[in-house]
Every structure is written in structure tokens, then in C-alpha cells.
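Just so you know, ligand 1 is whichever comes first in the structure, and atom 1 is the first atom listed for that ligand. Computation of the quantities below employed the complete heavy-atom set of this structure, encompassing side-chain atoms and omitting hydrogens, waters and symmetry-equivalent molecules.
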Amino acid sequence: MSNFNQIVELIADDLGAVEAKLTEHTASEYTFVDMAVQHVVEGGGKRLRPILVVLSAKVCGYEGSDAHTLAAVVELIHVASLVHDDVLDEAAIRRGRETLQTKWGNKVAVLVGDYLHARVLSMLVSRRADDPAMAILADTTQAMCEGEVIHAYKSGDFDISEAEYLKIISFKTGKLIAASCTLGAHLGNPSETQQIEALTTYGQQIGTAFQIVDDLLDFTEDSDKLGKDAFGDLREGKLTFPIIYARSVCNNDEKHKLEKVLHPDTDETEAIDFVKSLFRRYGVEPHCLKAAQSYADRAKAALEVLPETPARIALEQLADYVVSRES
Ligand code: FPP
Ligand code: MG
């Protein structure tokens, strides 16, 4: 059994409770609304963010059901962001299912994303008024939107720097993963700032590792395994971590060709063949994995201030899983 499956097994009861919360809090009495919402809420996925909330709470000594509610909240924010991201990216498949806009059109997809946010607000207001989760999640969703707006704005910029790109991914992906850990840690002891900061840093670092690997898998794995269309970023002409690296090390002729193949008019097979040859020539895959591993290692180092419990070991394993995963 893989480390990831062992972690899932370790907290299977908690994850079952999270699934129950997800269903309970997103149900609609209107049949079509319910069908469209459950299409994305049930739709597979690794439940990485709920796992992080539960493990972060456990490693800080908390075992109650608040962790399940907050885990469901972060998963719903994540699902809502993916529903909207798939509209922006015109993606056809997500988590092995048709995306909402493919099945029912952009209007339904945008509105289901909004519906999920409404459910998140409702779940949060039913908690304590002074709950720090409110401020954490408000800041997080704002940063996710800012990251996506900057990314969309920069999408035509072939010269985007690695530093600019890393900032974008720390917002669009890192913030919610970090918030999952912060929220879990808060449930333990809100005055343990060292533990909370350590888990926030851990989440931010694995978030960056996660997105670098996500960018790489787009070029190296097939659609069935990914549960979404492979080469989607290339098809859209999106500059992601592997392409930004390849561009920085290739020669001028290759750089011009790379810019050309990122244009949507280029024949897809030609674009894929060229990018693959560039990746082989410049060792792009090992470079990305090494970069991702360095973030995972920083994440693990941040955990050193925490007690050496099974939950901490699981978090350490999760950091490595984020890099070694194949989907
Ligand atoms: C997937 O990135 C998308 C994200 C990590 C964030 C999406 C955020 C928004 C759409 C902003 C709105 C957010 C909220 C909470 C309202 P990707 O396209 O690189 O990954 P993919 O290949 O899985 O699609
Ligand atoms: Mg996308």
C-alpha cells in the first residue's frame, strides 16, 4: 500500500465524516441544482486539503468534529475554484468527469461555483462569531482570486520570470493549502503561534511543490491517469514552471520556436513533439522534480517544532507524496 493510501486509512473515519458534511451542507431541495452541485462535490479528487486540516488538527492535539466542518469548507472553496478555473481554461474533463460547462454550459458552471461559496459562507456564519477561520478564509479566497487575475493578465507574456510565476502559484494554489493547515492547527491551541506558523509554512511550501508537479504532469502523464486533459496548458499557450525553465536554458532558435508552438494556431502534434524534445534535451522533468522536492524538504523542516506523532509522520510523508504522485 502506498504512503498516501496508508494516510487515508489512518484517518478513514475522519474522512468519512468530512464526506458526510460535504453532502449535508451542499444538498439543495431543487433537483437540477442538487444534481449539478453533487456532480462536482462527489467528483473524486484526492481530498488533499481535508487531509491536511485533519492531520494539522491532530498534530496539535485536537480530535473533534470542528476539523470535519473546516475540512469540508476548504474542500468546497477548492471545488468552487476548480469549477471556475475550468471555465477560464475551457477544460473538458476534471477528476475523470465532464466539467460542468461541458455538460451544462458556462452559466451553470459559474453559478454552481457561486452556490458553493454561498454554502461556505453559511457554514462559517453558523460557527462562533469570533472564529479566526472567517478572516483566514476571506484572505485566502481573495489571494486565490488575485493569483488567478494576475495569471490571466500575464497569460500572453512570454517573458514572465520564474519569480513572478512562483508568486502567482503561491497565491492561486499555496494559499488554500496553507490555510488548510493553519485552520487545523488553530483547533489545537490558538495561542500556540509557533505550531500554527510552522504548519502554515509547511502548507505554503507543499502548495508550491504541488503546483510545480501539477504543471509537469500536464506534459508527462496521460489524460486517463490525470482525470483531466493532458497537454491542456500547452494547448492554451499557458506558460507554466516547466516551460519557463525550458525557455531560460534553451538556445535562441529554440526559444523562438517555443514561442511559436505556444500559439493556439500551431498544430498540436507539432507543439507536443517539439516541447517533448526540448524537455529531453534540457532535463526539464528532473529539474522540476528537484525544484518541487526542495519545497517539500523545506515543508518537512518546518514540522520539526511539532511533536513526533503519527500525524506528524503522515504530514512528512504527504510532502514527499506531493512530489512523487502520478496524478
Ligand atoms: C487550478 O490551476 C486552479 C487553481 C489552483 C485556483 C483557481 C482559483 C480561481 C479560479 C480564483 C477564484 C477562486 C475562488 C475561491 C472564488 P491550474 O489550471 O494550473 O490546474 P488544473 O490543471 O488542475 O486546472
Ligand atoms: Mg485549469
Which atoms of ligand 1 are found less than 4.0 Å from any heavy atom of Thr173?
5 (C)
Determine whether Thr26 and Gln38 satisfy the following criterion, side chain to side chain donor-acceptor pair (under 3.5 Å), listing intermediate values before the conclusion.
CA-CA 8 Å; Thr26 56; Gln38 296 317 320; 3.1 Å; yes
Closest to atom 14 (C) of ligand 1 (judged by heavy-atom distance), picking from His117, Lys238, His84:
His117
Residue Asp89 atom name (nearest to the Mg ion (ligand 2); N/O/S):
OD2
In terms of ring plane angle, is the pair His39 and Trp104 parallel, tilted or perpendicular, where the classes change at 30° and 60°?
perpendicular
Give me the nearest non-hydrogen protein atom to atom 20 (O) of ligand 1 as residue plus atom name, then the distance to 0.1 Å.
Asp214 OD2, 3.4 Å
Number the atoms of ligand 1 from 1 as they appear, then name those within less than 4.0 Å of a heavy atom of Thr141, with their elements.
15 (C)
Is the NZ or CZ atom of Lys257 positioned over Phe274's six-membered ring, under 6.0 angstrom from the centre and within 45° of the axis?
yes
Is the cationic atom of Arg235 (NZ for Lys, CZ for Arg) positioned less than 6.0 Å from the six-membered ring centroid of Phe231 and within 45 degrees of its normal?
no
Apply salt bridge (Lys or Arg N to Asp or Glu O under 4.0 Å) to the pair Asp14 and Lys58, showing each step before the final yes or no.
CA-CA 11 Å; Asp14 296 282; Lys58 279 189 194 299; 3.2 Å; yes
Contact partition for Asp89 relative to ligand 1, non-hydrogen atoms under 4.0 Å:
side chain
Yes or no: does His78 have any heavy atom under 4.0 Å from an atom of ligand 1?
no
Looking at ligand 1, does Cys145 have a heavy atom less than 4.0 Å from it?
yes
Cation-aromatic face contact Lys175/Phe171, 6.0 Å, 45 degrees:
yes
Taking atom 22 (O) of ligand 1 as the reference point, the nearest protein heavy atom with its distance:
Lys228 NZ, 3.0 Å
What is the ring orientation for Phe241 with Tyr165, classed by angle as parallel under 30°, tilted 30 to 60°, or perpendicular over 60°?
tilted
Over all atoms of both residues, closest heavy-atom pair of Val249 and Tyr282:
O-CE2, 3.4 Å
Would you mind naming the N, O or S atom of Asp85 nearest to the Mg ion (ligand 2)?
OD2
Location of contacts on Thr240 toward ligand 1, heavy atoms closer than 4.0 Å
neither
Judging by distance only, is a nitrogen or oxygen of Glu148 under 3.5 angstrom from one on ligand 1?
no
Does the side-chain contact (heavy atoms from CB on, under 4.5 Å) test come out yes or no for Glu19 and Arg47, once each step is laid out?
CA-CA 10 Å; Glu19 290 305 316; Arg47 304 299 198 217; 2.7 Å; yes
Contact partition for Lys172 relative to ligand 1, non-hydrogen atoms under 4.0 Å:
both
Would Arg49 pass as a cation-pi partner of Phe210, given that its NZ or CZ must be under 6.0 Å from the six-membered ring centre and within 45 degrees of the axis?
yes
Any atoms of ligand 1 less than 4.0 Å from a non-hydrogen atom of Ile77? List them with their elements.
15 (C)
Identity and separation of the nearest protein heavy atom to atom 1 (C) of ligand 1
Asp85 OD2, 3.4 Å
Checking heavy-atom distances from atom 13 (C) of ligand 1 to each of Gly232, Ser81, Ala80, Gly207, the winner is Ser81
Below the 3.5 angstrom mark, is there an N/O of Asp215, backbone or side chain, next to an N/O of ligand 1?
no
Quick check: do Val83 and Arg94 have side-chain heavy atoms less than 4.5 Å from each other?
no
Quick one: look up the protein heavy atom nearest atom 24 (O) of ligand 1 and list residue, atom name and how far away it is.
Arg94 NH2, 2.8 Å
